Q: 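Input: one structure, supplied below.
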Amino acid sequence: MPDMMSDTILSDFERRELVAQMTAEQDLREHLQSGSRTVYSGFDPTADSLHIGSLVPLLSLRRFQLAGHKPLVLVGGATGLIGDPSFKSEERQLNSADLVATWVERIKVQTSRFVDFDCGGSAAEVVNNLDWTAGVGVLDFLRDVGKHFAVNSMIQKESVKQRIEREGEGISFTEFSYMVLQSYDFAQLYKKYGCTMQIGGSDQWGNITGGIDLTRRMHQAQVFGLTLPLVTKSDGTKFGKTESGTVWLDADKTSPYAFYQFWMNASDADVYRFLRYFTFLSVDEIIEIESADASSQGRRSAQGILAKQVTALVHGESGVEAASRISEALFAGDLAGLSQAELEQLALDGLPCTQIQAGSKPLVELLVDTGLALTPRGEVTVGQARKFIQSNAVSVNGQKISDDQALLDPSSAYFGRYHLIRRGKKLFHLLQWP
RNA sequence: GGAGGGGUUCCCGAGUGGUCAAAGGGAUCAGACUGUAAAUCUGACGCGUAAGCUUCGGUGGUUCAAAUCCACCUCCCUCCA
């Protein structure tokens with residue numbers, strides 16, 4: 001039964017290297033072992049979708065649920081209006097209340113696929129902190145909640161220190177009060193749901209401990225916190241970005257194919273750690289994969305497993321199928337062997353695709369139209385298109401093109417309709433003639 | 001308030017009248033090698049096919065010619081009060 005498993009949840013987190021910090025370790029261990037607990041993690045609406053940075057806490061909630069605890073997904077309808085200053089180097093622009101409200105709805109839907117809402121006592125719930133903050137009067141808030149916070153200790157928090165100390169930056173009262181709001185969430189969730197644990201990224205440590213203190217003061221209760229590590233890459237670059245930007249969880253913003261490819265491209269030095277962070281494979285299975293890879297020649301199997309697992313979690317089995325179908329065709333298969341139906345399927349599966357007017361068109365222009373002629377500084381220019389062609393980076397339907405004067409017309413297309421342009425090693429674009 | 005130093009292309013950082021679209025490094029992108037990995041090597045790296053055009057905090061000036069000289073403005077740093 002789930003409760004039997006809960007004594008291993010913390011050690012599983014440890015083996016996965018998923019623990020950055022935790023409060024009162026002994027007490028927490030005992031607390032989790034002695035019953036089904038309610039655990040929450042918050043997600044602020046700062047865009048119309050979450051990105052893969054939110055995946056670690058989201059999956060961690062699921063891990064707790066699998067261990068028999070009840071997850072609460074908190075969507076920050078209130079905190080999203082304020083803006084978390086933690087480790088942010090500058091004050092951020094406020095978003096309108098209407099906009100944040102629409103984002104809240106989308107993020108509610110998005111987070112919902114990661115936890116189970118129908119499993120009895122440990123069924124998940126989605127909550128919105130706007131529900132318990134919107135109606136609170138300023139004076140009541142200042143008297144009942146604010147009184148428990150010492151500004152002296154708030155300004156000591158590492159998360160806001162640089163903003164306070166660094167010249168020319170500063171922090172508004174609005175952002176400074178963020179911590180109070182998030183702390184109030186924890187206290188409220190304790191009261192309403194008996195929630196006794198909060199998890200979050202390691203940047204949330206200050207906010208989480210704030211909530212623990214407030215809950216003790218307001219409700220004389222001991223609650224706990226655990227932070228998850230910041231996901232890093234071995235080469236020091238920022239995790240979660242690709243040439244074309246942020247990797248979103250929303251299929252309309254990052255296609256399942258692009259999402260799948262992101263994980264396929266994980267470096268060997270990172271991939272086993274990512275398997276621990278982002279999949280539900282047991283640590284033993286992961287170790288097995290690692291040792292099998294180590295003793296075999298050629299490509300590691302880990303990237304493929306990672307891509308399939310994570311894509312399945314975020315986009316479902318159909319997403320995995322579509323993404324791996326495209327990937328197979330483009331990277332392993334024989335382009336000329338694709339049937340017309342398969343080519344059409346590629347477009348449906350999320351391979352970037354552009355409709356072309358009848359007639360013929362210079363390849364250079366097509367590279368610009370499709371956005372493939374992207375310069376290192378993020379612009380699309382004709383000159384860059386030429387450079388790519390001249391440096392042997394462009395192929396059409398599997399043929400390298402080195403003539404920057406080349407024209408394309410339907411006569412050379414597959415089935416008179418399709419050109420598959422490849423720029424560089426990994427970027428593909430499908431052209432469709434009428 | 002006084003004294004001095006400084007703002008250069010994505011970042012760091014050279015450059016003090018023409019040979020400067022601007023050294024070098026980093027980042028980024030491409031090519032080669034590989035395994036859609038890493039490392040390494042090669043190339044590109046303001047825009048333009050080119051002629052040429054637009055850049056060196058801002059504005060105005062000196063000059064055949066300025067990132068480089070002058071004036072004013074602005075922002076930053078250090079030291080002294």
Side-chain angles (χ1 to χ4, degrees), chain A residues 89-90 165-170 232-247 255-275 278 289-290 292-308 310-311 320 323-335 346 350-352 361-368 370-396 398-407 420-429:
Chain A
S89 57
E90 52 194 47
E165 286 174 358
R166 194 196 291 176
E167 199 132 349
E169 284 303 340
T232 56
K233 292 206 292 173
S234 57
D235 62 8
T237 59
K238 196 168 159 54
F239 170 78
K241 296 274 186 203
T242 67
E243 196 190 339
S244 41
T246 304
V247 181
S255 72
Y257 163 69
F259 187 86
Y260 183 92
Q261 282 295 320
F262 171 80
W263 299 103
M264 278 304 274
N265 283 305
S267 77
D268 290 0
D270 296 324
V271 70
Y272 305 100
R273 194 161 40 92
F274 289 176
L275 282 170
F278 295 103
I289 294 167
E290 186 164 6
D293 276 345
S295 60
S296 77
Q297 298 289 328
R299 203 202 205 295
R300 308 299 179 94
S301 65
Q303 281 87 348
I305 295 169
L306 178 69
K308 283 200 167 64
V310 188
T311 307
V320 175
S324 56
R325 195 155 51 217
I326 301 181
S327 301
E328 278 294 307
L330 298 183
F331 291 99
D334 160 30
L335 295 182
L346 292 186
L351 182 69
K361 232 180 171 192
L363 180 57
V364 170
E365 266 179 54
L366 290 166
L367 288 173
V368 172
T370 54
L372 289 173
L374 193 69
T375 63
R377 51 195 345 238
E379 291 167 303
V380 175
T381 68
V382 178
Q384 183 68 6
R386 282 205 181 80
K387 274 171 195 148
F388 279 134
I389 295 173
Q390 285 159 6
S391 63
N392 211 27
V394 177
S395 60
V396 175
Q399 298 282 316
K400 284 279 185 194
I401 306 277
S402 50
D403 174 15
D404 62 9
Q405 304 288 318
L407 288 176
L420 208 43
I421 301 187
R422 178 180 201 168
R423 193 226 74 196
K425 201 170 281 192
K426 300 167 192 168
L427 268 182
F428 289 87
H429 202 102

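Chain naming here is simple, since letters A, B, ... match the order of the sequence lines and numbering starts at 1 in each. On a predicted model such as this, the values are computed, not experimentally measured, just so you know.
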Q: Take atom CD of A/Gln390 and atom P of B/A50, then tell me their distance rounded to the nearest Å.
A: 9 Å
Q: What's A/Ala269 touching, base or sugar-phosphate or nothing? Going by heavy atoms closer than 4.0 Å.
A: nothing
Q: Would you say a side-chain N or O of A/Arg386 is under 4.0 Å from OP1 or OP2 of B/U49?
A: yes
Q: Between A/Thr375 and A/Glu328, which is nearer to the 5' end of RNA chain B once each is assigned its nearest nucleotide?
A: A/Glu328
Q: Does A/Lys426 put a side-chain nitrogen or oxygen below 4.0 Å from OP1 or OP2 of B/A37?
A: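 It does, given that an N or O in the side chain of A/Lys426 lies less than 4.0 Å from OP1 or OP2 of B/A37.
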Q: Reckon A/Thr381 has a side-chain N or O less than 4.0 Å from the OP1 or OP2 of B/G48?
A: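 For B/G48, OP1/OP2 do have a side-chain N/O of A/Thr381 under 4.0 Å.
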Q: Can you measure A/Phe239 atom CZ to B/A37 atom C1' for me and round it to whole angstrom units?
A: 16 Å
Q: So, is A/Arg299 near the phosphate of B/A37, with a side-chain N or O under 4.0 Å from OP1 or OP2?
A: no
Q: How far does the C1' atom of B/U8 sit from the matching atom of B/U68, given to the nearest Å?
A: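 Those two atoms are separated by 11 Å.
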Q: Go through B/A30, B/A37, B/A44 for me and flag the one nearest to the A/Lys425 side chain.
A: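 Comparing B/A30, B/A37, B/A44 against the side chain of A/Lys425, the answer is B/A37.
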Q: For A/Gln405, which contact category applies under a 4.0 Å heavy-atom criterion: base, sugar-phosphate, or nothing?
A: nothing
Q: Tell me whether A/Lys400 contacts the main-chain N or O of A/Asn392 through its side chain, where contact means a donor paired with an acceptor under 3.5 Å.
A: yes
